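One is the number of the first residue; the rest follow in order along the sequence. Quick caveat, the model's predicted, so the values are computed rather than measured.
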Amino acid sequence: MTATTPENGLRTRLQHLARGSVISAIVLGMCGVGAGNAFAASDSETDDAPAVELLLSAGVRGTVSPGSATTASLTVQNDAKSALSAGRVSVEINRTPLTDDAAVTAWLDDSEAPGEFDSLGADLTAPVDAEASVTTSLMIPPEALGDLAPGVYPLRATLSGAQTDAQNDAESVTSTTVLVITAAENPPVALMVPITATPVGGALLTAEELTVLTAADGALTAVLEGVRGTSAILAIDPSIPAAIRALGSAAPQSAREWLRQLDALPNERFALQFGDADATTQAQAGLPELLQPTTLAPFLSPSNFLTLPDETPAATPTATPEPTPAPTDGPELPDDADLSVIQGASPGILWPRSDASTADLDAFSAYMGGEAITVLSSIAVGGADDAHVTVGERTALVTDAAASAALSDAAGEDDEVARQRSLAEASAHLALSAQTNPTAPLLVGLDRDETRTADALNETITSFDTLGFGLAEVLATPAVSAALTTEPDATRATAMQRMLDSEVVLGEFATILDDRQLLLSPKRIQIMRATAVGLTEDGFDDAVADVNTATTDTLEAVDIPPASTIQLLSANADLPFSVRNDLPWPVNINLSVKPSDPRLEVEPVTPATIQPGTTSRVKVPVSARVGSGEVALKLELSSPSGVAISTPETVRVSVRAEWETIGLAVFGGLIVLLLGLGIIRTVRRRRREAGTEKDAVEESNE
C-alpha cells in the first residue's frame, strides 16, 4: 500500500517527469541509471525541478561479466524552456569496490566513495531542443574493465560545456550509478508482491471504485498483468475479493473477471490481514486475537444474490415433471469466510511491520492457532542475509531490506530510463548479499504501493525473480538462528487501543439502530485500515485522526436542535420537539422530558422513530395545573435500551393555562349577551309587528 491516508484509498497514479521521445533502443536494455547534480533552473522556471538532467546506465541492469565489453548509455534530458547546446560527456569508474549496502547508499545518494576515478571514455552530445532529450552511447572495451575483480564499483558521468539560452556560463552535470562485475550466477531470488487497494470511504471498495481499479488501465489490472508469467509470491488483501463478492450480481463485470484471473494464476500466494491491518500493532496493543471485521453482512443486498433458473431443454410429453421446490424466505447469502477467502493461499503466514519483539512473535503464533511464519525485514534481524531464520522457537522469512527498497522504487517508476538506476542499485545489493552468503537464497518484498504500472512491475520482477523458486523452496532451506534487533514502538498500539475504546462507545450508541452492525461493521474495518502496514508515520496519524473525527461526527449525528420558548395557552396540549437524524438509517429513540416545576405535567418518555437524513417533530402530551409562569423542560434522548444518545437540551415553556378559562368565560359572556340582545330585538320586533297589524285591522273596520 502506498504511504497515504485512508481517504485517498483510490489514489491518482503518480505522474513522473515526462522524458523526451529521442531515446534509443539501447537505453531500454540498459540498467544502472543515475541522476546527479543538474543545471539550476532558469529564472523563468516556476518549479524546483532541475532544468537539465544526465542519466547514466551501463551493462545489463548494472552488471557485466569479467573481461567483457559493455556499453554506457548517457541520456541528456532538457526540461528547460529553451534549447540546450552541444556538450561533452565523460564516464569514469572508481576501482575501489563498495563493500556493503551502506557504501552503495552513500555513493548513490551523496556521491561519496573512497578511492580515485579513472576515465573510461568521452563523447560529444548533440544539441537538445527544449523539453526533449538525446542519448549518446559510449563503448567500453574489455581491457578497460579487465583488471577489476568481481564486486560493486562506483560509476559516474559528467556533462560539461552545454548551456541553455537562459544561462550565461556552462555548468557541469554529474550522474552516479554502480557497475557490478559478476563472478558467478547469483543465488535464487524469491520476490513477494503485495496486492492492496484502499477505498475512499475506509470500508469496502464500491462498485464505482472497482470499475476504475479493474479497468484496462486500472491499478489492480496493472498488478495482475505485472505478475503474470512470473514466479512472484502474491500477498493479497482479502478485502479486495470480499468487496467483489459482496456485490453479487451488481459487481462490475471487469471486477468479476479480474477475480477469476487472479484465482487462475499459478503463483504462490498468502493472505494479508483484512485491510492489510498490522499484526505487530495488534500484538503490542495486547489484543487476544487478530482483529477481524465484525461481519460483512451489512454490505450484502439479497436482491444481488437471486439465482436464476437454469436453462434446460423443454420436457417431452412423456417426461415426469420435477416437483416445484418449496419457497424460501430469500436467497442464500455468503458468509464472511466465503466472501474473503483467498483461493489457494498458504496458511499461517503474516507480513506485518518489522518492529516486532520476541513476545510479538509468540503472539502471532497464538493468533494463528499454531506456528506462525512471520515475514520480517532484514533490518529487524541485524541485517542478516538468510531468508529462512528462527528467532527463538519462532520461524521467520527475512526480506533483504536494501534490495527490497531498490526494487520497490523500480517497480514504481514509470520512466523506463530512470527505472534502470533502481534496478542497478538492486543488482548491487543482491551481489553484496551473494558475496556474504553465496549459497543462501534471497527473499525480496516489494513495498505496499497501489500506483504501479504493469510494465514497470513486470520488468522489475522478471529482472530478478527465479522461475520456479518460491515460498516452498525458501522454507525448505535450513533455517539459521537469528535475533531481533529492532526496538518496538508502542505509539501505534496506544492509538489503536484508543480507537477500540471509542468503538465500545459507538457500540452503545448503535443500539438506536435495528441492526447495530450497520454502524459497527464499517467502523471496525476503518480502524483496521488505519493501522495498515504500508502507512507512513504521517499517514498513520492522519488515518487515526480520520477515525476519531468520523466517530465524533457519528455520535453527534442524532440530537435535539436548540428551540425557542414555547407558549402554552391551554391546560392540555401536545408539545412538538425536534429531533435531528443525520445517519443514513432510521433510528429508534426515547425522548425523555423532565419539567422544572410541578405546575406542568409531562409524559416522561415518548418513543419515536426518526427517518434517515431528517429532522422530525416528536409530540409530547403535557397538562398545565393552576398557575402560570416559566417552566424549563429538560429534554434527553436515549436508545430503547437506555443508553444516553445526545447532550441534554433545555426548552423553556411559558405557561398561560388560566387564559383558557378567562377566554371561555369571556366567550361565554359574549354568547349570553348576544343571545340576550337577540331575544330583546326579537320581542321588540314582534311587538311592533303586532301593533302594526292591529292598526291595520282598525283602519279596515272604519
Side-chain angles (χ1 to χ4, degrees), residues 13 16 23 25-33 57-65 70-71 73 177-180 182 184-195 216-236 258 261-262 264-269 387 399-400 402-431 433-434 441-474:
R13 291 188 174 184
H16 296 280
I23 300 177
I26 189 171
V27 177
L28 302 180
M30 293 299 154
C31 196
V33 173
S57 66
V60 179
R61 297 185 300 277
T63 65
V64 61
S65 300
T70 189
T71 302
S73 180
T177 187
V178 290
L179 186 65
V180 181
T182 58
E185 186 175 345
N186 284 334
V189 177
L191 198 148
M192 299 192 304
V193 179
I195 302 179
D217 59 347
L220 286 179
T221 301
V223 175
L224 212 62
E225 294 303 316
V227 301
R228 195 184 305 278
T230 73
S231 293
I233 304 160
L234 310 182
I236 305 169
W258 181 90
Q261 293 185 32
L262 175 66
L265 286 177
N267 301 65
E268 286 183 288
R269 64 199 65 194
T399 62
D400 187 297
S404 295
L407 287 178
S408 295
D409 290 342
E413 178 57 68
D414 290 343
D415 183 75
E416 173 65 26
V417 179
R419 189 183 309 143
Q420 306 309 311
R421 184 175 193 260
S422 296
L423 293 176
E425 182 181 357
S427 294
H429 291 304
L430 292 175
S433 296
L442 299 172
L443 182 63
V444 172
L446 298 187
D447 294 342
R448 273 72 164 174
D449 188 344
E450 298 169 11
T451 64
R452 293 178 174 127
T453 61
D455 290 343
L457 180 59
N458 187 262
E459 180 181 359
T460 299
I461 298 173
T462 55
S463 295
F464 290 97
D465 83 319
T466 304
L467 289 177
F469 189 82
L471 280 177
E473 288 71 24
V474 173

Q | Distance-minimising heavy-atom pair for Asp409 and Ser422 | A | CB-OG, 3.5 Å
Q. Going from CG on Asn267 to OG1 on Thr230, what distance comes out if it is rounded to the nearest 0.5 angstrom?
A. 5.0 Å
Q) Which atom pair, heavy atoms only, marks the closest approach of Thr221 to Ala216? A) CG2-O, 3.7 Å
Q) So among Leu443, Asp447, Val444, which one has a side-chain contact (heavy atoms from CB on, under 4.5 Å) with Ser404? A) Val444
Q: Work out which heavy atom in Ala190 is nearest to a heavy atom in Val474; give both atom names and the distance.
A: CB-CG2, 4.0 Å
Q: Kindly compute the distance separating CD (Glu413) from CG (Leu423), expressed to the nearest 0.5 Å.
A: 10.0 Å
Q. Considering residues at least two apart in sequence or located in another chain, which fulfil the side chain to side chain contact (heavy atoms under 4.5 Å, CB included) criterion with Ala431?
A. Val152, Val180
Q. From Ile461 CD1 over to Met192 CE, what is the distance, rounded to the nearest 0.5 angstrom?
A. 12.5 Å
Q.
Using the side-chain contact (heavy atoms from CB on, under 4.5 Å) definition, which of the options Thr460, Asn458, Asp414, Leu457 pairs with Arg452?
A. Leu457
Q | Value rounded to 0.5 Å, distance of CD1 in Ile236 from CZ in Arg269 | A | 5.0 Å
(Q) Which residues pass the side chain to side chain contact (heavy atoms under 4.5 Å, CB included) test with Ala434, not counting sequence neighbours? (A) Asn186, Pro187
Q: Indicate the atoms forming the closest heavy-atom contact of Asp455 with Arg419, along with that distance.
A: O-NH1, 4.3 Å
Q | Leu234 side, atom CG; Glu268 side, atom CD - distance, nearest 0.5 Å | A | 9.5 Å
Q | Distance, nearest 0.5 Å, that separates CG of Leu430 from CG of Leu407 | A | 6.5 Å
Enumerate donor-acceptor pairs with a distance under 3.5 Å from any side-chain N or O in residues 463-472 to protein atoms, sequence neighbours excluded.
{"residue": "Ser463", "atom": "OG", "partner": "Glu459", "partner atom": "O", "Å": "2.5"}
{"residue": "Asp465", "atom": "OD2", "partner": "Ser231", "partner atom": "N", "Å": "2.8"}
{"residue": "Thr466", "atom": "OG1", "partner": "Val189", "partner atom": "N", "Å": "2.9"}

**Q.** Heavy-atom pair with the smallest gap, counting every atom of Ala58 and Thr70
**A.** C-OG1, 4.4 Å
Q) Which atom pair, heavy atoms only, marks the closest approach of Leu220 to Trp258? A) O-NE1, 2.9 Å
